[in-house]
Every structure is written in structure tokens, then in C-alpha cells.
2 protein chains.
Amino acid sequence: MTRLRADNPQGARQALAERFRAWSGSEFDLSRCPVRGVLDRLGDKWTTLIVIALSQRPHRFSEVCRAVPDISKRMLTQTLRDLERDGLIARRVFPTKPPTVEYRLTELGESLLEPLVTLIAWAEGSQTRIAAARSAFDAASAAA
Amino acid sequence: MTRLRADNPQGARQALAERFRAWSGSEFDLSRCPVRGVLDRLGDKWTTLIVIALSQRPHRFSEVCRAVPDISKRMLTQTLRDLERDGLIARRVFPTKPPTVEYRLTELGESLLEPLVTLIAWAEGSQTRIAAARSAFDAASAAA
DNA sequence: AGACCAGGTCTTGATTGTAGACCATCGAAA
DNA sequence: TTTCGATGGTCTACAATCAAGACCTGGTCT
């Protein structure tokens, strides 16, 4: 199987063509689509911020709470659980008097940092163009 | 400003550290975080599949409908609009007898393919490990 | 006329995300 | 000794979002 490559735009298109054919073959089983699962997780508003925070060093529960502003404890707990379930972070409990719980990225979690940085780089490089497109679109919509 | 680099795991961590400090500086304005906007869009279940479909060639509305299984017309319309608003795809109407509408990636949309392929490659390479982690986690949860 | 297609919009539930209150334990302070 | 705050959560209720399917506006074919 050919490896996915993203050396250049053409390569990206061809790599996608290949994946696309593979997925469309037979009958596109959604459960076999790994992108869906990953993007669902990454897209859920807090995951990325938590991963970024943990990429710096292990955090305790309340450290993450402070590092990620506006997140509720409810959502923090749930997001950490999901991340732990997927093997991206590890949870360790120390039996201190006020219990200490530490969360850290696993090796798998660290391997996610590279694609994530690629995406962040794109986002930062494209944000002005996206903002411009939005303004133009909204202006055109308002006119009509 | 230093460019984000992802040549290696250390680089990824350092690049994130840099971004993280930049964002945390002053008071972390969420609207200034471009990643959030991008991931919200990518994470919304259909966007990625549509972008992948359009990466192969321009599609008509009903072609996309057939290419992306199980999407309702409602969601397809909405997702295409959002994508168009962000300047990632372009919509062109041809005044044929039954009107023909074509959707294609813009240059900006094509530039998204590279980070997307990077992410897909990670997802494909990691899916077995993620599945294993999930099984282990669920087994441990069931035991408790 | 009746049936069909394109390219949508609208209405109406079901699913999911989120906030904020609440809980149990411990140590320190008053 | 009562109260306070911190830690690491859970529970409940509400709101936004998703999705299905009916409906609409042309136009063409038969």
C-alpha cells in the first residue's frame, strides 16, 4: 500500500484520490473511516485545547481547568475520559491526602502533535483569508 | 515570527509551546484562536467528506449527494453554504433548463488538502492502536 | 395532464453539548 | 468546633444542533 504523502498539492490530491477509492470500494463502511472518528474527537471544542495544554507537561485536573478557560468541570471530565479511552492520555491517581490526579499524553497522544501542528499552521496562515471570505459572503448575502 | 515546524516530535512540542504562550498572552481571546474555527468546521461530520469528494473534481449538488452517503439534502446544503462562506469552495450556477450548480474547491480549499492528508495519514496509522485502547478501557470499565 | 428531476427550504422531533448546582473528603483557620 | 477552601469529580436540566422527511418552484418528457 502506498503511503500517504503531502509533499505538494498534487500529491495531496492524489493521496486523497487513493483513500477515497479505497473507502468507496464496496460500500463505504463509516465505521471503517478513521478520519471520522478522529475529527469527531478533535472537533469537539475542548479536545484540542486540552491536548495542547498537556503537550507542555503533565497537568492535574484543576491545572487543566485553569489552563483551558471557560471549560466546565463536567466537560473537562468527559473530554479527559474520552481522550483516555482512545489511549491519547493517561490518568494516574496518587493517594495523597487531597487526592492528586495527573493527566499526561501517551506516546500515541504525542504522535498526534505533529499533524495537529500542521493543521494549526494552516489555520494561522489562512485565517485572514477566511475572515475576508466571510465578510464578502455576508455582505453579498445582506445585499440580496 | 518563527514559523511553525513539525519536522519531529520535539519540534512539534516546541511549536505548540510557542503558540500556546502567544495565545495565553494577555487573556486568551477565543476569537483570536484560529484553530478553534477550523476544527469546528472540520469536525462537523460532513465537511471533511465533502472536501475529499470535491478534491477529486468539481461536483454538482446531486453528485455530492450520491458521493457522500447518508447525508440529507438539508445538511448538504448547509455544509456547502458554510464552506462557501469560508471561501473554501466556490458555487457556480449555469442557466441550463434544469439549472446546473457546480461546486469546486477554491485555491484556499485546495491548500487545506495538505494538512488534511497529514491528519488522515495519522488517523489511518493510529486507528488500530486507538481501537485497542478503547477495547481495553471498556473492558476495565465493565469490570469495575 | 401526470410523473419526474434539479436544487433547494421548512417543520418537527431526537441527539448531543453545556452550564451550574451539588457531593465527599481533607486540612487549615477562627 | 464550625466554617472555609481546595480537589476531583457527579447529576440534572436546558439549549443548541442534527437529521428525516414533507414540501416547493420551475422545467421537461410522455
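Every heavy atom of this structure was used, including side-chain atoms; hydrogens, water molecules and symmetry mates were not. Just so it is clear: chains get the letters A, B, ... in the order the sequence lines come, proteins before strands, and each one is counted from 1.
Taking each heavy atom of L39(A) and T48(B) in turn, the nearest pair found is CD1-OG1, 2.8 Å. Across every non-hydrogen atom of L105(B) and S55(B), the tightest pair is CD1-CA, 3.7 Å.
Here the P atom of nucleotide dT7(D) and the CZ atom of R91(A) are 16 Å apart, to the nearest Å. Remark: C1' of dG17(C) and CG of L39(B) are 17 Å apart, rounded to the nearest angstrom. For D44(A) and dT17(D), the CG to P distance is 15 Å, given to the nearest whole Å. Look at CD on E84(A): it is 14 Å from P on dG8(D), rounded to the nearest Å. E102(B) has its CD atom 18 Å from the C1' atom of dG8(C), to the nearest Å. Distance CG (L76(A)) to C1' (dG8(D)): 10 Å, rounded to an integer number of Å. Atom-to-atom, CZ of R92(B) to P of dG7(C) comes out at 14 Å; the value is rounded to the nearest Å.
OP1 and OP2 of dG9(D) both lie 4.0 Å or more from every side-chain N or O belonging to Q78(A). Proximity of R60(B) to the phosphate of dG8(C): no side-chain N or O atom is located under 4.0 Å from OP1 or OP2. In this structure, R81(A) reaches the dT10(D) phosphate: one of its side-chain N or O atoms is under 4.0 Å from OP1 or OP2.
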Criterion side chain to side chain contact (heavy atoms under 4.5 Å, CB included) on M75(B) and Q78(B), from CA distance to verdict | CA-CA 5 Å; M75(B) 289 312 297; Q78(B) 183 181 307; 4.2 Å; yes
Under the side chain to side chain contact (heavy atoms under 4.5 Å, CB included) rule, what do R66(B) and H59(B) come out as? Steps first, then yes or no, please.
-> CA-CA 10 Å; R66(B) 284 185 290 268; H59(B) 280 61; over 6 Å; no
Pairwise N/O distances under 3.5 Å, protein to nucleotides 20-27 of chain D:
none

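Of the candidate nucleotides dG9(D), dA19(D), dT7(D), dT7(D) has the atom lying nearest to any side-chain atom of R66(A). For T100(A), counting side-chain heavy atoms from C-beta on, the closest listed nucleotide (dG8(D), dA6(C), dC18(D)) is dG8(D). Considering only side-chain atoms of F61(B), the nucleotide from dG17(C), dG7(C), dG8(D) that sits closest is dG7(C). With distances taken from any side-chain atom of M75(B) to the nucleotides dT18(C), dA6(C), dC18(D), the minimum falls on dC18(D).
Nucleic acid contact class of T77(A) (heavy atoms, under 4.0 Å, all strands): base. As judged by a 4.0 angstrom heavy-atom cut-off over every strand, Y103(B) is placed among residues touching the sugar-phosphate backbone only.
Side chains of E102(A) and V93(A) form no contact here, defined as non-hydrogen atoms less than 4.5 Å apart.
A salt bridge links R57(B) with E63(B); the closest basic N to acidic carboxylate O contact falls under 4.0 Å.
In summary, the side chains of T47(B) and D44(B) do present a donor paired with an acceptor at a separation below 3.5 Å, with no hydrogens or angles considered.
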